[in-house]
Amino acid sequence: MRVETCLRFLFCLIFYQLHYNEGSKAVVTIGVLLQELASQINIPLNSTIYKKNMFDQRAYFSTKILKVSPSDNFEASQTLCTLLDSDLGVVAVYSDSSRTTPILESTCTFFEVPFITTSWKAPSPAKRNPEEVRAMINFFPEAELFAKGLAEIVRSLQWPSFIIIYENEEGLIRMQEILKLQEINPDSKKNNIVVMQLGPGPDYRPLLKKIHNTTEDNIILDCEVDKILPILTQANSVGMLGLHNRYFITSLDAHTLDFSNLNTTANITTIRLHDPKSDDFLNTVHRWELTEFENHNRRVPLDPYSIKTETVLFHDAILLLTDTVNAMTIKPGINIKPLACNGTETSDDGFTLRKYMLINTPSMTLTGPLKFNDEGGRTDFNIHVVDIIDDSVIATWHAGNESMELHRNYNQTFDAAVSNLQKITVIVASKIGEPYLMLRQPSYEGEILTGNNRYEGYSMDLIAGIAKFIGFNFQFEITDKYGNYDYKEKRWNGLIGELLEKRAHLAVCDFTITPERREVVDFSMPFMTLGIAILHKSQTEKPIDMFKFLEPFSTRVWLYTGTLYLVISIVLFFISRLTPGDWENPHPCEDDPEELENIWDIKNSLWLTLGSIMTQGCDILPKGISSRMAVGMWWFFSLIMTSSYTANLAAFLTKANLEPAIDSAEALSKQTKIKYGLVKGGSTESFFRNSNFSTYQRMWLSIQQTKPSVYEDSNADGVLRVQTTKLAQYAFLMESTQIEYEIETKCDLKQIGEKLDSKSYGIAMPMNSPYRSAINKAVLVMQESGELGDLKTKWWKTKRKEASCDNQKSGEEEDANKLGIANLGGVFLVLGVGIAMACVFALIEFLWNCRNISVEEHITYKQAFMLELKFACNILITKKRVKPLLSEEGSSQQSDKSAENKNGNKSIINSILHSAGSNLNIVN
Ligand code: GLU
């Protein structure tokens, strides 16, 4: 109360001073043309004039305010004429009507009266004569420079693509520099800038739905301030005001709106030329309140945020005008007179005043630095970029040096993103697949699992850890595909589709970071590194190859050796017939034999060569020089062949046990027996499709062409196929972390060879997600604290229901080193067949011998057979007569046999029969 009394006293004193001195002051009238007389600009107008009149002795300011038509040029020019021709004339004219600006400006130019305005003015396409002086001084930023500033701001927002919604042609002119940000990239799947015109309204939903379908998140909105809230409210209703949506509103009056009712987590950025939170501004507003109080004796509280940019600009304009007029009253002086529109008289000092205004610096401005070009366009100003949600200035563009100054530091951006995340339930898209996400089994019968409780696994724990760190709630949603570009549908599917179509905020699973995916979504820092490897079946069931012992030599060598054996045997036979050394005396006691005999018939030759090559030797050897030479060479050949065979056989049999059928991708690609496949639509498929390496190209070709298809829908299906395909004839190209998981408990599986590449899994999120840094920080913290490592151990080892393979493997390996019947069966078979053949031959020989005996001894074949059989079966007899003795039974049937023979041979027969078997009943 006391302050108010003091202020009243102070004002009365000043008023007295003012009126006492009024007579000596020049009276300066400022002409004002307003579309609405009750305009907000009256506040700074009254206050500034009040202040100037009270504290400055040089001039006394008054105003003449007239209502002007906003669009009728004729009426507007008539009003201006009335103003110019008023009692004392006007020092300058201000108008808030932008449509009638051209006619008002040209009239003022004609009468050389400064014309002040504060609204956006399109750049004039016609070239001006530099000598020509115009009346205009526009406090609104110069159009081209303003457009440049907007473009720089958009560039600083780092939006890869965006849609511009403009209301009218003026808006499109403002966007001209932004349109130049269009990237000319022929490979690009779509234009990064799309321009759309706002319809007449009030229903903007059709346009917004159209935008929603394009999945574009970034929107530049250029429209009248009163349309901003209806548009955003409707955008909210079509789901375009979520965490990922970003708006840049180019209206300079957006700060006057209340966005709190939108209750949005979208990022809304706007611009201002002044700072409603600055001390200068708050003091000025307070002064305006005081003036209102003094003039009308009523308290009108003014909200700093309700002050429009036009009002603030007008404040600066009126300040510059009054400062300059005050300065001019002393020197060179100012002469103001009424001007008749139908006359030709012009203002005396109007253009001088304008010239001074262009170079003068006002005592204080609320819209930053003031500088004008010769045409009266404002060339120095600041554009503050403001985050509307927390009302913080994130950057400032300085027109003076055309530079961008960023104010928001990392921590502020981080905090803003975190607080937005905390406001919502984060939707996490994922895919079922062990051990990343599995369906949880109810812990007791009848338990009903809901929400996140339905799932468990590495991904769930990872997101739970991140959510705990940042402090948000989350909800898992399941999709069935990883995410690939579908060329037919012309859209991304799977997890990527969920992110692009804004159904999810995060996507997590064994989700590989690939360059193609990186083009459309963002990834967190990696939480796991891996590479593609080959999953195959351990060869416990080896293909049975009983004739493995034949492998040390090729078929050709076997054929050559066999042929050589026959040839050498025949050659030996002939040589030994030629060489005299091999013709021997059959009766060594007889010195002068009549005949010589040669033991080297074809049978013995074959036997000798066979004995040598089998390293067994032979009991008879040649004696002739040439035959010995031939045999010597054969022995040499046999030595080399048998040693080579022995050495090779050992190596082959060992190799058969220890080595896998394939040991690398290279080996896999060069064979056709073992088929190999991969998951359809995953990063492994993309790797082979895009690889330039010949081996992988070969593999890609084979994968595509193999029938039946080698593709699988999931890793689990691939693993099953590897396990169930007979003779390990299927290998699966899979990521190493998954292979590690599978071979932990599935002991019949193993990884083959090295990893083919190196890559990582990451958490995906929509492009330029504001919360990416927060997610990254959480992953980093979890990594450094060892939590990620613990999670891996938990889901790869500890939580496994099946026993680990580690303990079983050593025993299996030992067994694997032993040679099995599979490898040596052929040897047994050869022996068996050989012996069987020997038996058959023995039988044939025996039967043939029986036949000979029956012929020679004139007994029946049966008798001869029985005699020989009895003899052969009596294993105690080791000697055999040259001629067999006949039994009585046999002789009785031989009617022509002599009695002598009968008697003479009786004892022999007896002895034979006796030797044939003690159990035989001999009849005398
Ligand atoms: N991790 C892969 C992906 O994100 C899927 C599995 C694979 O392709 O092997 O696409």
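The first residue in the sequence is number 1, and the count goes up from there. Note that ligands are numbered from 1 as they come in the structure, with each ligand's atoms numbered from 1 the same way. As the structure is a prediction and not an experimental result, all values here were calculated from the model.
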Exercise for review: For a side-chain hydrogen bond (donor to acceptor under 3.5 Å, both in side chains) with S683, tell me which candidate from N484, T514, T512 qualifies.
Suggested key: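 Of the listed options, the one satisfying the test is T512.
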Would a line drawn from the ring center of [X] to the ring center of [Y] be shorter than 6.0 Å?
| X | Y | answer |
| --- | --- | --- |
| F523 | F511 | yes |
| Y676 | W700 | no |
| H244 | Y771 | yes |
| W795 | Y458 | no |

Is [X] in polar range of ligand 1, meaning some N or O pair under 3.5 Å apart?
| X | answer |
| --- | --- |
| S683 | yes |
| T512 | yes |
| Y482 | no |

Practice item. Keeping the roles fixed (side chain from S691, backbone from F693), state whether a donor-acceptor pair exists under 3.5 Å. Key: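 Looks like yes, one N/O pair under 3.5 Å.
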Using a 4.0 Å cutoff against the non-hydrogen atoms of [X], which atoms of ligand 1 qualify?
| X | value |
| --- | --- |
| T684 | 7 (C), 8 (O), 9 (O) |
| D510 | 1 (N), 2 (C), 3 (C), 4 (O) |
| F511 | 4 (O) |
| G682 | 8 (O), 10 (O) |

Review point. Where on K431 is there a heavy atom closer than 4.0 Å to ligand 1, on the side chain, on the backbone, on both, or on neither?
Key: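 None of K431 does.
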Check your understanding: Going by heavy atoms, is R517 under 4.0 Å from ligand 1?
Key ->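 It does, in that a heavy atom of R517 comes within the 4.0 Å cut-off of ligand 1.
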**Study point:** Close approach of E735 to ligand 1, heavy atoms, under 4.0 angstrom
**Key:**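 E735 counts as a contact of ligand 1 under the 4.0 Å cut-off.
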**Study point:** Geometric class of the Y696/F688 ring pair [parallel <30°, tilted 30-60°, perpendicular >60°]
**Key:**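 F688 and Y696: perpendicular rings.
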